[in-house]
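As structure tokens, the structure follows; a few thoughts come after it.
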Amino acid sequence: MTDTLDPRSWLYPTPRGLYCKPGDFYIDPAVAVPRAVITHGHGDHARPGHRKALATPETLAIMRTRFEGMADTSQQPLKYGESVRIGEVDVELAPAGHILGSAQAVLAFKGQRIVVSGDFKRRPDPTCPPFEPIPCDVFITEATFALPVFHHPSDMGEIGKLLRSVATFPERTHLVGVYALGKCQRVIKLLRAAGWDKRIWLHGSLMALCKLYQEQGVDLGDIAHVGDAILETFRGAIVLCPPSALADRWSRRFADPVPAVCSGWMRVRARARQSGAELPLIISDHADWGELCQTLKDVGAPKVWVTHGREEALVHMARSLGIDAEALHLAGREEEGT
Amino acid sequence: MQAFAALLDALSYQPARNAKLRLIETYLRETPDPDRGWALAALTSGLDFPAAKPALLRGFGEDKIGAELFHLSYDYVGDLAETLSLIWETDPNAGPPPTLGEVVDTLQTATKMQTPAILKRWLDSLDATGRWALLKLLTGALRVGVSARLAKQAVANIGNQPVDAVEEIWHGLTPPYRPLFDWLLHDAPRPSSNAGGAFLPPMLANAIERAELDALDPAHFRAEWKWDGIRVQVASSGDVKRLYSRAGEDVSAAFPDIIEAIDFEGVFDGELLVRRDETVAPFNDLQQRLNRKVVTPKMLKDHPAHIRLYDVLWLEGEDLRALSFDQRRARLEAWNAEKPRARFDVSPLVVFTDWAHLAQLREQMTSDGIEGLMLKRGDSAYLAGRPKGPWFKWKRDPMLVDCVLMYAQRGHGKRSSFYSDFTFGCWREAAGKRELAPVGKAYFGFTDEELRWLDKWVRDHTTNRFGPVREVAPELVLEIAFDGIARSTRHKSGLAMRFPRINRIRTDKPAAEADTIDNLLRLLGTAGVENPAESAYVTAP
Ligand SMILES: [Zn+2]
Ligand SMILES: [Zn+2]
């Protein structure tokens, strides 16, 4: 570690995204670039059209499923824990615990180490390995749920709420709004863990990624496409769909459905009501307030850059812990709904 | 408490009326006395705790996580009770959570000094939903989309009674309503209906527009002015003399001049006004009396209250509500003619031949004490609630002015993620320069779709931020509708609008062509300018 080296001199935000100068690459850039390092497959991090892309093999597989024309991108898979040198920078990917394939980018240059954590969470997820705290000089953290009001309750407790509702309204269909990548497969795994071994029905737009998860060795049990059912009434069934489909024509095929939404935002009533949920379930793939604060302590970085959400509160908290913290404004990051 | 919390939680996410009824009915059936009675009181705003002021909750929150983080959290959530319930953590060693009855009993006997400690213990023992429900209860703002009427409907349903059978006796009952539940669920006799001094559910009108009138036969309808005061009910029986607001709130204490002047027995429907000599004072004068906790002799002298009677419901021990409007009106006029009273008079009928004639009379009426016209079917009985058909209100057209959007702020509650509070201004010349001066703030008038559009516009045109407020480029013209305008020393522009709302978004109009302050001053017209009061409204012509 060199005291004289300013980390901002070799890693800084640009209109195209976070840029690493001595390696001449971008991390999760907002537009197509000559060389990109991708932390995970969500749309605000992974985009098509890069000339070269480095990511975990799982993330590259996700990108191939989601984007057309990936054949034109030269893809460089890097497994967790392996290291590669790009220009003058050593790059390593460490598990982020966010979704399948999600990684923190660990960058080392002239003895200084910066961790770009992407999106992460700290609680167990049956679809990916857990977050690994990496000691570093600068830690770049997300702040999606960075307010003390965000405390995600136990995910099995929330799944229990769903199953209780199914038992209370056995004649109704439970329509559960989930994001197609990550949330969908995690909720299926949680339902299986809670003992729900019946068929789980899926909206068409969720099929491709579920198939990919299965190919990657994630056992989802009996799943089927709603569109393939002919005689099914869906009474008492659990049907997963993207949140936008809850208010869609598509949902009219179900008699008297109970709309549920799985998201960390469901913690706040106004947000839950906006989503149209009658059954809001607080299940998130992002760290909650307590986990964000704990993570700052675990990685022990003297400098923290906060991005991607409610930076102000987390910067305040980090400073009160004696950390030199500031907000980092990155292009192309929309509020994520997971 | 947890069962009540679960009920409130489910209600708050349930949009369908019937499902709401089912949830409340199930709760009332399954919950023992007295908890269900207290819950019913809470849903009908019948619980009054002196317990939790916003400052206390804010203090709790700031102690817990610091002022800065609490402020950021509150700003995001938009609701104080909910914010506190979310940032608090359950203490597994705090013991069992309290029952609803325990909460009510404890708070009614606890001293002011004891309350904070008790409240903290409860917050520790409840989960986030329980804390939310408790704090909503203590701050008196449940806001779960249940009207008192709906709650009474649910109560009536569990005993297979019509809701009006519950309404009739409601004001003779007190929480936790044991005799009510005994009647509805256990075949006990119905609690007595005591009209004397009790509030009777009022009859309300539906709004109507000129075009809709042509479908109605003018011969069936009587017209009267809708006075710009507060709709009230005067109830007197024996020693009990009361003045109720339309919602049944007892406002007698603020109007001793009215109460003293009651020398009759009966229940009357009328408009509460401030009247000097023969003139009805602007609404603002009445508001000043309403806002006073203590009524000073000076206030009584300068702002004398008056009631203009529209209808009579009971008279000298007789229930007149089943009679027709014409019959009740005849009784009212005869009663008034027998003994005219200084503080009570009867609102005159407006005589008209057809709708065109009535429209003309409405146009010509320029008095600022009138909000519009009421139309009532001559054969209408006095029915509780807002029945469709017998009564209509035909309001005056609002005033319109084109303003320029200047600032936007996030709303609270349901709108907390939208910029939904808009400050707008008009042009004025100052030191040879043309500048915008803020003239008002509007929170409604727009559709959900327009709100989304405005929210995006604000985000795309922000030029400056001050905490939760965004300043925007002075480029968007909003057509503002309002019901009155008055001089005000509290506003920078010297003007205050009454009930301003966004009527239209004028993307077609360049901002430079929006109205000027001078145009607004002209709207003040004659009536308001020389009024000595700090602010006096001129209502829409
Ligand atoms: Zn993500
Ligand atoms: Zn993200």
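Keep in mind that what you see is a predicted model, and the values were worked out from it rather than measured. Every heavy atom of this structure was used, including side-chain atoms; hydrogens, water molecules and symmetry mates were not. Per chain, numbering begins at 1; letters A, B, ... match sequence-line order.
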So, the part of A/P153 with a heavy atom under 4.5 Å from chain B: the answer is neither
Margin query: Counting only heavy atoms not in B/E449 (residues, nucleotides, ligands), do more than 12 fall under 6.0 Å from its CD?
Written below: no
Whatever's closer than 4.5 Å to a heavy atom in chain A on B/L72 counts as both
Turns out that what part of B/D127 lies under 4.5 Å from chain A's heavy atoms comes down to neither
With chain B, the option among A/H151, A/R269, A/E312 that has the most non-hydrogen atom pairs under 4.5 Å is A/R269
Okay, B/A128 and chain A: the region with an atom under 4.5 Å from a heavy atom over there is side chain
### Query
Hey, are the side chains of B/P15 and A/E278 touching, using non-hydrogen atoms and a 4.5 Å cut-off?
yes
>> Atom CD of residue position A/E326 - does it have more than 12 heavy atoms of other residues, nucleotides or ligands inside 6.0 Å?
In response: yes
> Heavy-atom count around B/R29 CZ within 6.0 Å, excluding the residue itself: above 12?
Replying inline: yes
What one should report as the nearest heavy-atom pair of B/S73 and A/V149 is CB-CG1, 3.7 Å
Bottom line for B/W88: the part with an atom under 4.5 Å from chain A's heavy atoms is neither
Here the gap from B/E68 atom CD to A/R319 atom CZ, rounded to the nearest 0.5 Å, amounts to 10.0 Å
Q | Close side-chain approach of A/W289 and B/L69, heavy atoms under 4.5 Å | A | yes
Bottom line for A/A313: the part with an atom under 4.5 Å from chain B's heavy atoms is both
Is the side chain of A/R271 donor-acceptor paired with the backbone N or O of B/S417 at a distance under 3.5 Å, no angle test?
no
